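Worksheet: one structure, shown below.
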Amino acid sequence: MVIVAIFNIKWYNKIMENYFEIAQEKFKKLQKKENVLILGIESSCDETSISIVKNGREILSNIIATQIEIHKRFGGVVPEVASRNHILAINTVLEQALLEAKITLEDIDAIAVTYGAGLVGALLVGVNFAKAVALALELPLIAVSHIEGHISANYLTHKKLEPPFVCLMVSGGHTAILKIDNYTTHKLLGSTIDDAVGEAFDKVARVLGLGYPGGVEIDRLAKLGKPTIKFTKHEILKDSLNFSFSGIKTAVINYINNQKQKNQPFCIEDVCASFQSLVVGELSNKAITACKLQSTKKLVVAGGVGANSFLKQELTRLCKENNIELFVPELKLCTDNAGMIASAGYYNLMANKNLSDLTLTAKPTVKL
Ligand code: KG4
Ligand code: ZN
């Protein structure tokens with residue numbers, strides 16, 4: 001029994017070693033190849049997505065199977081349910097991605113997969129699927145950070161965009177201002193000290209009974225209201241590029257509870273407009289300040305809250321006033337998709353970075 005186990009481990013290690021030697025060789029060769037097709041895989045939260053991207057810029061297919069309808073009834077993403085549904089969806093998503101791109105698996109040059117940040121069980125589905133495909137086809141496996149992916153969504157939308165630039169990262173899990181020096185390195189200029197902005201949108205929406213995901217509903221209702229309610233603002237972080245959204249979120253929740261306790265009606269549209277205006281004000285003012293401090297004339301938005309219409313409106317106005325060029329991904333690339341992961345994978349390949357062996361695993365958090 002023991003001998004069989006030792007034999008199996010040795011055999012397994014040999015396969016791993018052989019695979020990685022071949023992958024390393026192919027990785028080097030690909031850096032000189034004229035056209036590189038990367039298969040991107042994303043499963044960090046509630047979207048199972050697979051995409052095929054050519055040379056980091058051209059989407060051949062970007063299939064997104066969303067679980068929003070499944071999680072809606074729970075008022076938010078249930079991690080276990082998300083993992084199970086990724087497993088159910090991922091094979092079909094791959095088939096569709098290949099079909100739409102009009103290619104077969106043999107045409108793929110490398111696999112890029114989100115290894116973090118995100119829900120660990122959900123990430124594991126994508127990571128293990130990627131490892132299996134990479135091993136079966138003897139293809140290089142590139143580990144991509146979800147944050148880098150969101151930034152790369154801009155390379156798919158804006159074909160001429162190149163670093164350096166300042167990036168305002170606004171997702172459900174992260175809120176930060178970054179200086180992007182080149183395709184694979186960045187410096188953190190400021191970040192949230194508590195909630196991410198998308199999280200604040202979702203929590204306020206939940207208290208207002210707007211369902212999940214809440215950001216898009218707040219965006220819609222805010223257009224029908226006026227920002228007349230004065231929620232208290234955090235002044236502590238006034239002179240820094242850091243953010244705090246938990247105070248604003250609590251102020252909104254307290255206001256709603258107070259009105260309810262006093263049996264006084266309140267206008268949901270005005271609450272949405274007032275909350276959104278305060279949050280967008282913070283984000284856009286600090287993003288512009290960062291551009292000035294960095295003497296940069298390019299501002300790039302990344303992450304799901306980049307879909308917010310008022311944020312885009314305010315940034316457009318402020319960028320025009322300050323002679324800064326603004327880049328926002330097209331709407332469907334703001335939220336989670338594998339196209340952005342394939343694009344980031346391509347730039348990692350070109351920078352000779354993040355080639356992974358088959359020990360790659362999921363990480364719930366990734367350093368900004
Ligand atoms: O980047 P993303 O898809 O996932 C993470 O990586 O976290 O971002 C999702 C977040 C959610 O919190 C969602 O409510 C928010 O983006 N979001 C919006 C809008 N569309 C999506 N927030 C405000 N306005 C929107 N239009
Ligand atoms: Zn995301």
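What you see is a predicted model; the values in this text were computed from it and never measured. Every number for a ligand or one of its atoms is a count from 1 in the order of the listing. Both backbone and side-chain heavy atoms feed into the values below; hydrogens, waters and symmetry mates do not.
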Nearest-neighbour protein heavy atom for atom 5 (C) of ligand 1, which is reported as residue plus atom name and distance: Gly172 N, 3.5 Å
Protein contact of atom 15 (C) of ligand 1 - nearest heavy atom, named by residue and atom, plus distance: Val305 CG2, 3.9 Å
Ligand 1 contact on His150 by region, counting heavy-atom pairs under 4.0 Å: side chain
4.0 Å heavy-atom contact, Gln276 with ligand 1: no
Distance-only side-chain donor-acceptor flag, Asn182 / Thr185, under 3.5 Å: yes
Proximity of Phe231 and Phe275 rings by center, below 6.0 Å: no
Backbone of Gly75 reached by a side-chain donor or acceptor of Arg206 within 3.5 Å: yes
Atoms in ligand 1 with a heavy atom of Gly198 nearer than 4.0 Å: 12 (O)
Which of the ligand 1 atoms, numbered from 1, are nearer than 4.0 Å to a heavy atom of Gly173: 7 (O)
The Zn ion (ligand 2) reached by Cys45 (N, O or S, under 2.8 Å): no
Structural part of Asp202 in contact with ligand 1, heavy atom criterion under 4.0 angstrom: side chain
Expected output: side-chain Lys102 to main-chain Leu99 donor-acceptor under 3.5 Å: no
His146 side-chain N/O to Val366 backbone N/O, donor-acceptor pair under 3.5 Å: no
For the Zn ion (ligand 2): the N/O/S atom of Asp336 at shortest distance: OD1
Distance from atom 2 (P) of ligand 1 to nearest protein heavy atom, with residue and atom: Asp336 OD1, 3.5 Å
Centroid-centroid distance, Tyr183 to Tyr155, less than 6.0 Å: yes
Lys26 side chain vs Pro140 backbone, donor-acceptor pair below 3.5 Å: no
Donor + acceptor pair across side chains of Glu42, Asn337 (<3.5 Å): no
Val216 neighbourhood, listing ligand 1 atoms whose heavy-atom distance to it stays under 4.0 Å: 19 (C), 25 (C), 26 (N)
Opening angle at the Zn ion (ligand 2) [NE2, His150; NE2, His146; to 10 degrees]: 100°
Exam field: side chain Asp46 to backbone Ala82, donor-acceptor pair closer than 3.5 Å: no
Thr335 neighbourhood, listing ligand 1 atoms whose heavy-atom distance to it stays under 4.0 Å: 3 (O)
Contact partition for His146 relative to ligand 1, non-hydrogen atoms under 4.0 Å: side chain
Residue selection (non-hydrogen contact nearest atom 26 (N) of ligand 1) among Asp219, Asp46, Val170: Asp219
Distance-only N or O hit between ligand 1 and Gly215, under 3.5 Å: yes
Glu330 and Lys332 ion-paired at < 4.0 Å: yes
Within-cut-off N or O pair, Asn308 and ligand 1, under 3.5 Å: yes
For atom 21 (C) of ligand 1, closest protein heavy-atom neighbour: Gly304 O, 3.4 Å
Full working for side chain to side chain contact (heavy atoms under 4.5 Å, CB included) between Leu30 and Lys33: CA-CA 5 Å; Leu30 281 179; Lys33 193 168 179 248; 3.7 Å; yes
